[in-house]
Structures are given as structure tokens and as C-alpha cells.
Amino acid sequence: MNPSTAGSLAEPDYLNHETTVRSWLLTRDHKRIGVMFLVLVLFALLLGGVFAMLLRIELLTPGPTIMGPMTYNRVFTLHGVTMVWLFMIPAIPSAFGNFVLPLMLGAKEVAFPRLNLASVYIYAAGAALTLFGMVWSGADTGWTFYTPYSTTSPTAVTPILLGVFIIGFSTIITGLNFITTTHTLRAPGMHWSRIPLFVWAIYGTSVIQVVATPVLAMVLVLVALERVAGVGIFDPSRGGDPVLFQHMFWFYSHPAVYIMVLPAMGVITEVVCAFSRKNIFGYRMIAASTFGIAFVGFFSWGHHMFVSGQSTFGSGIFGVLSMLVAIFTAIKIFNWVATMYGGAIDLKVPLLYVLGFIFLLTFGGMTGVAVATTSLDVHWHDTYFIVAHFHYIMVGSVLMAFLAALHYWWPKMFGRLFPERWAFVAACTIIFGFIVTFLPQFLLGNMGMPRRYYQYPSEMQWLNVLSTAGASLLAFGFGLIGIYLLWSLRYGKESPANPWGSRGYEWFSASPPGPHNFREPPRFEREVHDYTVSEAPHVY
Amino acid sequence: MSTETTPWREYFGSRENQSQAAQLGMWIFLGSEVLLFANLFVGYAVYRYYYPEVFVEASHHLAAGWATVQTLLLVTSSLCVVLAVHFIRSGRAFWMGVALLVAMGLGLGFLVIKGWEYWKHWEEGALPGEYYRLAELPERGGSLFFTLYFLLTGLHAVHMLVGLSVLGWLVWGALVGRYTAEYHVPVEVGGLYWHLVDVFWLFIYPLLYLVE
Ligand code: HEM
Ligand SMILES: [Cu+2]
């Protein structure tokens, strides 16, 4: 369809110019590092997914089904730990950010390639330590490690804390690298007002990463020290204050939800443009709202502590500040919709995920405003309503955007097309499965089913069964994706350089890109996603 | 060796740009270090508010006089690092090495005093958490003060050790002639790190030793 591949076929690309194992393990190529991260986070997703299915199967019946209560506590903790720390936080920035950010800026490299490689190994080491803790005896504290329970629990909390601590370093390095790259490695012609919005999103995320992660790191160390040396910072029996833990934890972890969601929003912006064949409506608004979210995100942590005994006044302030996030998010949503409106919509698989994303984000965001209302939250706190809220917004948006990115950039990364029809079926299964899984949980929460409980009254069973059915659909959808993507690596049609006809700058490179991204320095003579000028497809 | 160790990497386009990247990267890193320490400062503020008298009492168990000496040592060493950067900017690698060696000596002096202080605490039983054995101060508050004391000064000492190895590595680079008037990014960046270690101490010192 696209003649631009002619001539680039015979040239070596980043995948085949060197093929030894060593050349992969010691690579400083941001593209290979992105691929390595992709493999690692997919593994984490699989592991977290298996734990999720175990939980849902257990909840099929009101009483014990397949495991005992202690095992259940461990399984939900491991599910949360794996999904949040090992998958959702690094997934989009480390995998896709590494791969496409330099391409989008016309750079040959990230600013610190050696550090970048180190970040893979640090992540892997942290993940390994976490897994070790899981295999050893797991943890039963929940992914939030609330004190004082986490300082006394007999399970393997310490290695898991340290594992997460180590992963934090990987996050900081990645963020530092992206910020510096964006500042110093833009190709000529790439001025600030032309930077693709995915890069802006990753940039905003990186700022949160370097600001928030050290706080988390220290607080995890403190809990670990408390377990090992009884230092008593959080232990009330030694004069410490357990609520201090919550403040510090949520000072990180509320912004952390934006570490997950902002990159997702960046992906969505790219995909919306590409498949509406229009430049984004409101470039500045989207970029600015990214920073609005990042900023406000730091002042809303207290909405997790409405029932911790903080003053009503404080809660009110935190509630109102939290609601500001909804405004910035709404700006983005309106801009995406406005971009699609009047665009030449091409409903390909990535765009399907965008629609899923917009639905889940809107719904989850509105329930966010509801739970930020103190009086309502007292009813919903620690119930399945919260579980549903954060799965809708956090998991829903990260998963949808991750899958959108995976399908959108797959041909760029591996030079192969995936079978559209199968992908379409899988996308529908996943979106439908997701809604069926978590919608009933809002109702369960409203009926009063507490989160992290192993048993429930039998009136609640039908909703739980529904939820488990949805989860099974989700699992099926993922299985399908796994199969056809692996299949496409070998048997998929070879992709032209720009299979979607996108005007995103990353498509200036060949698919897959050469070892140094571009053969000649790319020239950025138009705005990103400018579909008004006709452009001869050109691969630099 | 590979292109990795040659000072200029082509993909940066220009030398200024590479040096800017290194500085920016270091500043961001330093910012995140500040936030790492910030936790402990917040913890200090909170517990001082809970146990005001005990904290003041406990601070009398610290050697404020020696801490003043330490402060002087560190500030002087920072000055030497500034000199080192100044020397290498005009190409005097030998003098840069000398300045850094002096800075390292002062830093080591600091650590020796710190070690001696720790030894005293050990003898006295002024230790963190469950090792706390100081009878004349209530355990509530007292053990927290020493916990925070050891965490703050310990974390600072770890940073000093890292800083010392960075300085040592720079001295070695000066000996083998790696740095010139044109190429000295690592000296500047390493110097920044040392200044940060210094600045942390300038917060820790009044907070732990001087506040009444
Ligand atoms: C944009 C993305 C958002 C993400 C990723 C997100 C994620 C989360 C997560 C993970 C939790 C549960 C934490 C736990 O395990 O206890 C949570 C709870 C909460 N969220 Fe959100 N949230 C988002 C947006 C919002 C918004 C816009 C608001 C308010 C306007 C909000 C208000 C709340 C409140 C009040 C809670 C705590 C409820 C409770 O524990 O009782 N969230 N959110
Ligand atoms: Cu929050």
C-alpha cells in the first residue's frame, strides 16, 4: 500500500544487525531496551493475571472455594503488588516510552544510554527480589503495606518491600533520562511547540517519577527497618505514628496513579490523531492539562485518609483539590472527542481500545469525584466500590492504552502486521469483559461488601459470579492476543514503514527502525499529525 | 576501548549540549536526593512536635562542639572542590588533583569524627529502636530521636562515602590526563554531588545539634 519501504528492505534493522545474546544483554540501544522492558512487563502482567483469576475463582461461592483465608490474603496482595509495581507503573513509559520517545524527537539515542541499560537490570533485580519474597512466603498486607500490620506480619514483607524499593530506582533513572533527552536531544526543527503529545505525557510523568518516587523509597526502607530493627517510627507501641506512614505512602501513591494514567493518555492522543486523520484539537490544552494533573496530583493524597482521623476541614480541602483533577481530565476527554468529531474515522483496532479507554476513564473519573466527596466516601471506603473505582480508572485506562500502544506500534517495533480480524475480536472481548468484571463491583460495594474479604453473604453471589464471568472473558481475550501476536512475529505480513498512514514523527523511521533510528537526520517541517498537507511518504 | 569512554558522544551534536545534558541529569538526580532526605526531615518535624522536651534533652547527648568542627571540615572541602573546578577550567589538571585530594582528606576527617561519635553512642546506649538503652531519657521519644539521628547522619555518611569514591575517581582521571580545559564535565558534575552532600549536612547540623 505504501511505497516507502522500497529500498529499506535490505538494510539491517535494530533487531537483526547483531543477533547474539550478548548483543542484547549489553545493548545500549533504547529500542532494544524498550523491547526488553516489554517482555518483562508482559511477564508481570501474566503473573498478576493468574493471581487475579485465582481471586475471582475463590469468590465464585460465598464460602471457601479453592483456598483458605490466609492464602487468599496472600494472593490478593501478590496480585496488587505485581500489577501495580511491576506492571502498571513501568509498562508504558519503560517499554513504549523507551522505544518511541527518541524516535519522536528525531534523536539517535537517549541522553544516558548506559543508565538506561542499568534501569532494565535494576528493574529485573527488584522484580526478582519481589518474586523471591512471593515464593518464600508471600505477603498478606495488601499492595499498600499499611502499618502497623506490615511491620508485624509474619510473612515475607521485607524482601517485597526491598524489591519495590529497588524498582523505584529504575523508575527514577528512566524519568531522569527522558527529561534530559527531551531537553537536549531534539533534532533540528523540533521546537517545543512541536513535541508530540506522547512525549509531553511522558515528560510530565517523568517529573512525577523523580519527585515522588524517593519519598516512597524512603518510606519503604523505614518499614523494612522497623521490621528488622524495631525502630518504632510507625509503631504506636513505641511512640511512633502509623498515620504518618499513610501520609508518606499516599504522597507518592496518589501521584503514582498519574504515573500510570498520564502515559496512557499520551498513547491515546497519538492513536486518536492517527485514526481520525486529524491533528489534535487543542494541542496546548492537552499539554498544559498534563502538567495541571501532575501538579494537582501532589495535593490530593489526603483523600485516601478521610477515615483516618484527619480533621474534617483537611478532608474537605483534599476533597476539593482532588476534584480539580477531574477538570483537567475532562479537558483531555473533550479534546479527544473534538478530534474525532469531523475526522475521517478509521475504526482500526487501536482506535477501538481508545473508545474503551474513554468510556472507562469517564466512568471511573466520575466515581472518583463521588468518592472524593467526604460524606459519600465514609459509606464506600474500603468496600468493593473503591475496588471498582480504581480498576475502572487506573487498570482500565492503563490496560486499554497499553493494548492500543501494543497494536499501534507493533508493526513499528517488529515490522510485522497482526491479523486485524482476530485483533478486533480480541479487543471487543476485552472491553466487554472488563465492563462485566468491574461494573458489578460498584453494586457490591454499595451493598456493603468490604474489599479484601474472603467470604460474603449469599445474596451477593450473583454479582460475584457475573464479575468472575467477566474476568474469564478478559483472560480469554488476553490469550487470544498472545497467540496472534506471537504468530505474527513469524507468519505475519511484512509491514510497510507506515502501515497506518500516520503522521506521527516516529513513522519517519523504517519499520523496524535501523540501529541508529534514521539514516539521515530527519527534518521536521510540519506539525505532528498534520494531515492537511499532502506528504509523500518519506523514510529518513 | 569503545566509543563509550571517549569523552564526546556524537549523538549530542555539540559539546555544549553534552555538557548541558550531564548537568541537567545531575540536577534532577540531586533534586530526587533532596526528596529522599525530606522524608526524614518531615519525620523529625512530626516527632519533635509530639515529644518536644525529650528531643531537646536527647540533643544534649550529642557532641555539638565536634559537629561544628565537622561543619568546618565539610565547608572547606566544598571550597576545595570549587577550586578544583576552577583549576581544570583553565587546564591545570595537576592542581585540580591536589585540590580534590585535600577535599577528600577533609571528608575523611569528617567521617572519622562521625565514627568516634557513633562509638560514644554505642557505649552510652543511645541507639535506635529496640537497641535503645539510655536510662535517663524516656524511651518514648528518646528512641525515636536516636532513630532519626542515626538515619539522618547514617544516610549522610553513606552519601559521603559515595562522594569520596567519586572524588577519588576524578583524581585518578586527573592523573591519567583525562580532563582538560575543554573536557571537564565529570569534574563539574561530581563537584555538584559533593556540594549536595555538604548542603545536607548544613540542614542536619542545626536540626539535630543546635535546636533548643
Ligand atoms: C486519574 C486517575 C485515577 C486513578 C488512577 C485513581 C486510582 C485510585 C486508586 C488506586 C485508589 C485506591 C487506593 C487503595 O487501594 O486504597 C483510589 C481511591 C480513591 N480515589 Fe482515585 N484515581 C484516579 C482519579 C481520581 C479522581 C479524579 C478522584 C477525585 C475526584 C479520585 C478519588 C479517589 C478517592 C477519594 C479514593 C479513596 C477512596 C477510599 O479509599 O475510600 N480518584 N483511586
Ligand atoms: Cu488518590
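Residue numbering restarts at 1 for every chain, and letters A, B, ... go by the order of the sequence lines.
If you measure heavy-atom distances from B/A38 to chain A, you find no contacts under 4.5 Å at all. Residue B/F12 touches chain A through both its backbone and its side chain, counting heavy-atom pairs closer than 4.5 Å. Neither the backbone nor the side chain of A/L115 has a heavy atom closer than 4.5 Å to any heavy atom of chain B. In this structure, the portions of B/L35 lying under 4.5 Å from any heavy atom of chain A include both its backbone and its side chain. Within the 4.5 angstrom heavy-atom criterion, only side-chain atoms of B/Y51, from C-beta onward, approach chain A. No part of A/P102 comes within reach of chain B, as not one of its non-hydrogen atoms sits under 4.5 angstrom from that chain. Proximity to chain A (any heavy atom under 4.5 Å) is restricted, for B/Y50, to the side chain, taken from C-beta onward. Looking at A/S237, the atoms closer than 4.5 Å to chain B (heavy atoms on both sides) all sit in the backbone: N, CA, C or O. With a threshold of 4.5 angstrom between heavy atoms, B/L127 does not approach chain A through any atom at all. For A/D241, the parts lying under 4.5 angstrom from a heavy atom of chain B are both the backbone and the side chain.
Counting heavy-atom neighbours within 6.0 Å of A/F291 CZ, excluding the residue itself, gives a total above 12. In B/F203, the CZ atom is not crowded: 12 or fewer heavy atoms of neighbouring residues, nucleotides or ligands sit closer than 6.0 Å. Other residues, nucleotides and ligands place more than 12 heavy atoms under 6.0 Å from the CH2 atom of A/W192. Within a 6.0 Å radius of NE2 in A/H17, other residues, nucleotides and ligands contribute more than 12 heavy atoms. Enclosure of atom CH2 in B/W122 is not indicated, since only 12 or fewer non-hydrogen atoms of other residues, nucleotides or ligands lie within 6.0 angstrom. Counting non-hydrogen atoms of other residues, nucleotides and ligands closer than 6.0 Å to CH2 of B/W27 gives a total of 12 or fewer. B/Y44 OH: more than 12 foreign heavy atoms inside a 6.0 Å radius.
Using a 4.5 Å heavy-atom cutoff, the side chains of B/E10 and A/K108 are in contact. Residues A/H247 and B/V42 fail the side-chain proximity criterion, which asks for heavy atoms closer than 4.5 Å.
Atom CG in A/L225 sits 9.0 Å away from atom OG1 in B/T147 (nearest 0.5 Å). Taking OG1 of A/T184 as the start and CD of B/E16 as the end, the distance is 13.0 Å to the nearest 0.5 Å. Here CD1 of A/I233 is found 7.0 Å from CG of B/L40. Values are rounded to the nearest 0.5 Å. Of the inter-residue distances, the one linking B/I28 atom CD1 with A/T180 atom OG1 reads 4.0 Å to the nearest 0.5 angstrom.
A/I172 approaches B/S32 most closely through the heavy-atom pair CG2-OG, 4.1 Å.
Most heavy-atom pairs under 4.5 Å with chain B: of the set A/L216, A/V219, A/L185, A/T213, this distinction falls to A/L185. When each of A/P521, A/G240, A/A229 is checked for heavy-atom pairs under 4.5 Å with chain B, A/A229 comes out on top.
A donor-acceptor contact shorter than 3.5 Å is absent between the side chain of B/Y131 and the backbone of A/V231.
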